[in-house]
Amino acid sequence: MSNDLCGDLIADIFSRLPTKSLLRFRSVSKSLCACIGSPDFIQLHSLRSPNTVVVTHRIRDKGEAQDKHIYTLHSDGQLAYKYHPYTGIPTIEYPFKKCKIVGSCNGILCVCEYGTGEHGARLYLWNPSIRRKVTVPFISWVDGFGFDPIIDDYKILRISKAGSSVYTVKTRTCRVIASPIAPFSSWKSYQCIRNGALHWTVKRYLTRDIRHYYIMTFDLSSEVFSTIELPEPSWKTRLVTVIKGSLAVISTKPDYSVIWVMREYNNTASWSVVSELNSNPFKGAQRVVPITPNDELQCISFKYYKEILVYNPKTQVRMRLADFSDSSLILDVNLCVESLGLLDMGLHEGSKLPGKQEENKKYSLVRKLLSSKPYIGITPAKGPSLKFIIFGSCNGILCLYEFRSSNHILSLWNPSIRRKVTIHNLPSFSDDYLVYGFGFDPIINDYKILKINKQNSFVYTVKAHTWRAIASPTGPFTFVKHHQCLFNGALHWAVKTYLNCIMTFDLCSEVFSTIELPKPSWEINDVTIIKDCLGVISLDHHDHSWIWLRREYNGNTAASWSVAYKVDTNPFQRVLQITPIDELLCYSSEKGIIVYNPETQEQSRLVNLSAFSRIRDMTMCVESLELLDMRTSHNGSKSQGKKRNRSRGKTRRGTSEI
């Protein structure tokens with residue numbers, strides 16, 4: 001049948017179906033699954049979907065140590081009043097405990113879950129219609145949430161008088177922005193989205209006893225704060241909402257209330273009264289939202305033990321939402337549209353990693369090392385030496401510094417083909433403080449080995465078999481970690497001078513330089529590459545690991561850095577990205593080598609080869625044939641090459657004695 005219908009018509013028909021049906025229809029065919037999961041279809045479906053009321057309940061069970069949290073979804077006309085209970089309405093386990101709803105947009109709720117135990121507060125994006133949630137790294141306590149149609153991405157706002165910040169969901173970047181210019185003491189309302197901007201009612205004290213209320217706005221596209229004056233007399237205005245597509249506020253007195261509507265957005269002269277009430281049904285309310293086309297208003301009141309009232313200004317009839325049971329209590333009510341938002345990201349509540357992401361054979365080894373029988377089918381290979389340090393990796397070649405009883409040697413090793421090349425005639429140094437670097441110079445098509453010392457440094461070119469003296473880095477410095485990070489044709493190390501910074505060495509120009517670290521940098525543990533960006537891992541004073549990414553490599557200031565992840569437990573000393581789904585291979589002094597998923601915050605420890613072994617190091621490299629055409633000894637002597645050729649038949653592949 002689908003062959004007789006065009007794709008646009010199929011999308012038009014399916015965009016009018018409920019989310020529950022669409023999730024089932026994804027299994028019909030690959031083409032239909034791709035259509036339903038496309039961003040254009042998700043946006044079209046949310047525009048045509050009805051509003052849904054999400055009611056959160058807490059059920060007290062005397063036999064259980066903790067209360068049970070559930071939520072129910074109600075469409076228009078399905079709210080449970082005293083004489084219309086929850087018959088036929090399914091209950092769903094609420095995925096959060098103590099939390100605050102920051103805002104709602106396109107069927108997605110921004111939820112801040114309060115910290116418990118060793119965990120701090122955490123932020124999530126949650127779609128109750130499809131039961132899918134996404135963990136937002138770094139930011140924990142925020143003030144606003146909405147969608148920017150210009151960049152087609154969601155933004156999360158954090159407001160502070162000292163400095164505000166904006167987090168974009170798809171790029172996972174956090175940027176500092178200018179804080180509101182207008183003075184304010186506090187805002188007294190939940191956010192309201194209208195005309196592509198967030199709105200709050202805020203107050204400031206003109207004198208000790210005189211208060212002034214106004215609306216603070218934040219444009220989600222331009223990221224600029226502004227203000228809108230309230231109608232007069234405004235009295236006490238705490239509630240801002242949208243009625244019939246227009247911005248509205250509710251001003252109250254002890255026994256009187258007025259509902260104002262701004263007929264023309266951002267025009268204060270267009271404020272007009274739509275309802276005057278000789279009572280105050282909104283007393284104690286913290287949020288007011290329209291829930292039906294006939295202008296009924298849902299009022300969340302904290303005066304009567306968080307009771308939820310539905311009030312109609314025309315008839316002045318108030319009805320109380322019924323509790324789910326005699327032992328339950330309504331905690332919160334939120335309005336959202338039924339949508340497929342977050343379908344292409346995040347995890348289903350309680351689910352593991354999606355199977356599709358685990359089918360990537362390139363990373364099957366890491367997944368296997370986390371299983372109950374990890375090393376079955378994997379043949380262990382003999383290491384290059386008993387004691388060694390890996391200084392760098394490039395094109396499948398590892399640069400090793402081997403410790404031997406008689407002397408220390410430098411070598412290049414390809415673990416894929418088990419071939420090792422020894423570097424001889426190492427330059428001597430006046431002191432023992434040195435570090436090595438290794439990389440490829442595309443200009444001369446050759447590998448280079450760098451030997452750094454405070455007084456003098458040297459560069460070794462592999463094909464020419466020569467060491468050359470170069471200028472050492474200027475200024476006093478101490479390397480935090482000796483292993484390098486190769487990125488953008490340069491070597492990078494975390495160093496300490498009078499200020500922490502990153503030391504770089506350009507492999508082509510052979511010039512040292514520095515990169516300023518993000519603020520605050522705290523204690524820098526490692527320099528790495530994540531999402532094709534230069535990254536650093538810093539440890540704050542509470543033993544939390546912060547992973548920063550440099551979005552603009554050639555930027556000269558700390559503003560180019562943005563926080564990608566924050567890890568509340570088990571500080572990491574080294575991090576490598578291993579899978580396209582952002583899993584990180586991390587070294588922790590407490591847990592050893594683990595695989596960490598920032599999305600789910602799950603940590604899995606790599607198991608040892610046996611009960612008598614331990615994992616000593618981790619390095620990323622590509623499988624290559626590099627070093628296949630090279631001699632196993634590099635000292636510039638032709639006789640060594642001839643001697644090796646004569647004895648080639650007596651040695652094993654790639655394991656000859658150097």
>> Applying side chain to side chain contact (heavy atoms under 4.5 Å, CB included) to Leu549 and Thr173, what does each step give before you reach the verdict?
In response: CA-CA 8 Å; Leu549 297 186; Thr173 57; over 6 Å; no
> Which distance, rounded to the nearest 0.5 Å, do you find between the OG of Ser339 and the CG of Leu44?
Replying inline: 12.5 Å
> Step by step, would you call His69 with Leu331 a side chain to side chain contact (heavy atoms under 4.5 Å, CB included)?
Replying inline: CA-CA 9 Å; His69 292 74; Leu331 296 180; 3.5 Å; yes
> What are the two closest heavy atoms between Asp143 and Gln191, and how far apart are they?
Replying inline: O-OE1, 4.1 Å
> Phe41 vs His45 aromatic rings, parallel, tilted or perpendicular, using cut-offs 30° and 60°?
Replying inline: parallel
> Checking side-chain contact (heavy atoms from CB on, under 4.5 Å) against Ile59, which of Thr91, Ile70, Leu329 comes through?
Replying inline: Ile70
>> Please find the pair of heavy atoms, one from Asn127 and one from Leu340, that lie closest to each other, and give the distance.
In response: ND2-C, 3.8 Å
>> Between Asp67 and Arg58, does any NZ, NE, NH1 or NH2 come within less than 4.0 Å of an OD or OE carboxylate oxygen?
In response: yes
>> How about CZ on Arg48, more than 12 heavy atoms from neighbouring residues, nucleotides or ligands closer than 6.0 Å, or not?
In response: yes
> Are the side chains of Val249 and Pro231 in touch, meaning some heavy atoms are under 4.5 Å apart?
Replying inline: yes
>> If I compare all heavy atoms of Cys192 with all of Val240, which pair ends up nearest, and what's the gap?
In response: CB-O, 3.9 Å
> When rounded to the nearest 0.5 angstrom, what distance separates NZ in Lys133 from CD in Glu113?
Replying inline: 6.5 Å
> Any idea how Phe218 and Phe225 line up, ring-wise: parallel (<30°), tilted (30 to 60°), or perpendicular (>60°)?
Replying inline: tilted
> Taking atom CD of Gln43 and atom OG of Ser15, what is their separation to the nearest 0.5 Å?
Replying inline: 12.0 Å
>> Treating Lys170 as the side-chain partner and Ile151 as the backbone partner, does any N or O pair qualify as donor plus acceptor under 3.5 Å?
In response: no
>> Is a donor from one side chain sitting under 3.5 angstrom from an acceptor on the other, for Ser270 and Asn267?
In response: no
> Which is it for Val333 and Thr56 under the side chain to side chain contact (heavy atoms under 4.5 Å, CB included) test, yes or no, and what are the steps along the way?
Replying inline: CA-CA 6 Å; Val333 173; Thr56 308; over 6 Å; no
> So, do Val55 and His74 sit near enough that their side-chain heavy atoms are less than 4.5 Å apart?
Replying inline: yes
> So, Thr19 versus Glu338: side-chain donor-acceptor pair below 3.5 Å or not?
Replying inline: yes
> When rounded to the nearest 0.5 angstrom, what distance separates CG in Asp219 from CG in Asp148?
Replying inline: 8.0 Å
>> Check whether Trp271 reaches the backbone of Glu229 with its side chain - one donor and one acceptor, N or O, closer than 3.5 Å.
In response: yes
> Between the side chains of Ser164 and Ser179, is a donor N or O closer than 3.5 angstrom to an acceptor N or O?
Replying inline: yes
> Could you walk me through whether Val111 and Cys99 pass the side chain to side chain contact (heavy atoms under 4.5 Å, CB included) check?
Replying inline: CA-CA 7 Å; Val111 184; Cys99 66; 3.7 Å; yes
>> In terms of relative ring orientation, are Tyr124 and Phe96 parallel, tilted or perpendicular, with 30° and 60° separating the classes?
In response: tilted
>> Just verifying a value: how many Å separate Leu343 CG and Ile42 CD1, rounded to the nearest 0.5 Å?
In response: 5.0 Å
